[in-house]
**Q** 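Below is one structure. I have some questions about it.
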Amino acid sequence: MRAVRVEVHGGPEVLVPAEMAAPEPGEGEVLVDVAAAGVNYIDTYVRSGIYPATLPTVPGVEGAGTVRAVGAGVTDLAVGDRVAFADGPGTYAQQAVIPAARVVPVPEELATELAAAALLQGMTAHYLVHDTHPVAPGDAVLVHAGAGGMGLLLCRMASALGATVIATTSTEAKGELAREAGAHHVLRYEGFADRVRELTGGRGVAVVYDGVGATTFDGSLASLRVRGVLALYGAASGPVPPIDPQRLNSGGSIYLTRPSLGWHVMTTGSLRERAAAVFGMVTAGALPIRVGARYALDDAAQAHRDLEGRATTGKLLLIP
């Protein structure tokens, strides 16, 4: 099969297409013909070494496709079933072996490619607005990178819950996408904290959903209302340096959390329940999924360059 390998940590250039032996499912596993694989920032963290990985490795955690074979002990899945998955591993490949307990069924009315595009970011946005800070009608919220895959979903979900959504984007074109997704106000990054205060009558926002990290962190803290929440769910611009907890006190007894999806879908039941909620919104038309670009498997390096260069909007997919 064709796959993308990482043999040394580094930049996008270390993503090397290669021919590999097709894997076989073990006990409790399924072999999936991957129809589409999601490209996510976590993949860049693994590639660069920010997140530890045993090398060589096939990157990628998200995808969707059709079950080709089932391992011993798998009774709830069969060859031909369409499934999706958000914690792989090894999805930058034509085939991937996934634990059966970590796949979710794709509804008949949902295209396989859309399932791959919706799952990881959709479930992440879902826990952020329902669990990390349950958005309530009247809340003011700040969403960074409002035209990215995560940003668009957060704008749409938060506005549907009755929030006033403020989004940051780097260009006017991206700002229009954020508005279409439900953002009421769109700001550029420079001086955004001051503008947030102006828009909220000096109070600040109830929550900041920040997947950018280093370059937005200080402004995000400065944008919060008393006892507001900074949900730092990613670090696209680099990791945030250590901070003095006293800043949270002086900022108004504010909260800082670094959540991640894995802790919110720890069991098969919780995974499938949250996935069903996301897929249900997609099929009902309540959560449109914007696929910003599709790349051939051999072009994975370019996909990473585009993602890290902030040259993209919406979701990026590899098509094996």
Side-chain angles (χ1 to χ4, degrees), residues 38-43 45 51 61-64 84-88 99 101-107 110 114-137 139-146 148-163 165 167 181-183 205-213 216 220 224 227-236 240 254-284 286-290 314-315:
V39 179
N40 297 287
Y41 268 104
I42 189 174
D43 307 338
Y45 304 157
Y51 284 7
V61 297
E62 180 186 34
F85 32 90
D87 51 7
R102 303 307 295 171
V103 304
V104 300
V106 176
L110 183 62
L114 273 183
L119 187 61
L120 189 149
Q121 291 182 334
M123 291 196 299
T124 299
H126 188 274
Y127 82 70
L128 285 170
V129 302
H130 288 285
D131 298 296
T132 303
H133 171 81
V135 173
D139 276 353
V141 308
L142 175 60
V143 175
H144 284 308
M150 275 297 305
L152 292 172
L153 297 177
L154 284 167
C155 286
R156 199 167 295 277
M157 288 189 186
S159 62
L161 290 168
V165 178
V205 295
V207 60
V208 180
Y209 296 118
D210 189 343
V212 176
T216 52
S220 293
L224 289 171
R227 298 192 301 277
V229 176
L230 171 50
L232 184 71
Y233 68 88
V240 173
I254 56 180
Y255 297 86
L256 169 63
T257 181
R258 179 55 175 91
S260 61
L261 177 61
W263 299 109
H264 294 79
V265 290
M266 293 177 65
T267 66
T268 302
S270 63
L271 168 67
R272 293 182 178 174
E273 181 179 0
R274 201 175 293 271
V278 171
F279 287 164
M281 287 187 284
V282 175
T283 56
L287 191 66
I289 302 298
R290 177 184 173 84
K315 183 69 178 185

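Both backbone and side-chain heavy atoms feed into the values below; hydrogens, waters and symmetry mates do not. Since the model is a prediction, treat every value here as computed from it, not as a measurement.
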**Q** Check Ala167 against Gly146 and note the closest heavy-atom contact, atom names and distance.
**A**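 Between these two residues, the closest heavy atoms are CB-CA, 4.2 Å.
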
**Q** Working to the nearest 0.5 Å, report the span between CE of Met123 and CG of Leu271.
**A**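 Going from CE on Met123 over to CG on Leu271, the span is 5.0 Å.
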
**Q** If you compare all heavy atoms of Leu153 against all heavy atoms of Ala125, which two are closest, and at what distance to 0.1 Å?
**A**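 Closest approach of Leu153 to Ala125, heavy atoms only: CB-CB, 4.0 Å.
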
**Q** Measuring from atom CG of Leu287 to atom CE of Met157, what distance do you get when rounded to the nearest 0.5 angstrom?
**A**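 The CE atom of Met157 is 4.5 Å from CG of Leu287, to the nearest 0.5 Å.
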
**Q** So which atom in Val141 and which in Ala163 form the shortest heavy-atom distance, rounded to 0.1 Å?
**A**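 Scanning both residues completely, I find the closest heavy atoms to be CG1-CB, 4.0 Å.
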
**Q** With rounding to the nearest 0.5 angstrom, report the NE2 to CG distance, His130 to Leu161.
**A** 5.0 Å

**Q** Do other residues, nucleotides or ligands put more than 12 heavy atoms under 6.0 Å from Arg258 CZ?
**A** yes

**Q** Which heavy atom of Gln121 sits nearest to which heavy atom of Lys315, and what is that distance?
**A** OE1-CD, 3.4 Å

**Q** How far does CG of Asp210 sit from CG of Leu142, to the nearest 0.5 angstrom?
**A**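 The CG atom of Leu142 is 8.0 Å from CG of Asp210, to the nearest 0.5 Å.
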
**Q** Using atom types as modelled, flag every donor-acceptor pair under 3.5 Å from a side chain in residues 262-269 to any protein atom, sequence neighbours excluded.
**A**
from: His264; atom 1: ND1; to: Ser260; atom 2: O; distance (Å): 2.9
from: Thr267; atom 1: OG1; to: Ser270; atom 2: N; distance (Å): 3.0
from: Thr267; atom 1: OG1; to: Ser270; atom 2: OG; distance (Å): 2.9
from: Thr268; atom 1: OG1; to: Ala101; atom 2: O; distance (Å): 3.0

**Q** Measure the spacing between CD1 of Ile289 and CE of Met281 and express it to the nearest 0.5 Å.
**A**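 Taking CD1 in Ile289 and CE in Met281, the distance rounds to 8.5 Å.
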
**Q** Measure across Val240 and Gly213 and return the closest heavy-atom pair with its distance rounded to 0.1 Å.
**A**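 For Val240 versus Gly213, the nearest heavy atoms are CG2-C, 3.7 Å.
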
**Q** Thr257 vs Leu230, test: side chain to side chain contact (heavy atoms under 4.5 Å, CB included). Steps then yes/no.
**A** CA-CA 6 Å; Thr257 181; Leu230 171 50; over 6 Å; no

**Q** Step by step, would you call Leu119 with Arg274 a side chain to side chain contact (heavy atoms under 4.5 Å, CB included)?
**A** CA-CA 9 Å; Leu119 187 61; Arg274 201 175 293 271; over 6 Å; no

**Q** Which atom pair, heavy atoms only, marks the closest approach of Leu110 to Phe279?
**A**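 Smallest heavy-atom distance, with atoms named: CD2-CD2, 3.6 Å.
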
**Q** Tell me, do Met150 and Tyr233 make a side-chain contact under 4.5 Å, heavy atoms counted?
**A** yes

**Q** Nearest 0.5 Å, please: how far is NE2 in His144 from OH in Tyr209?
**A** 13.0 Å

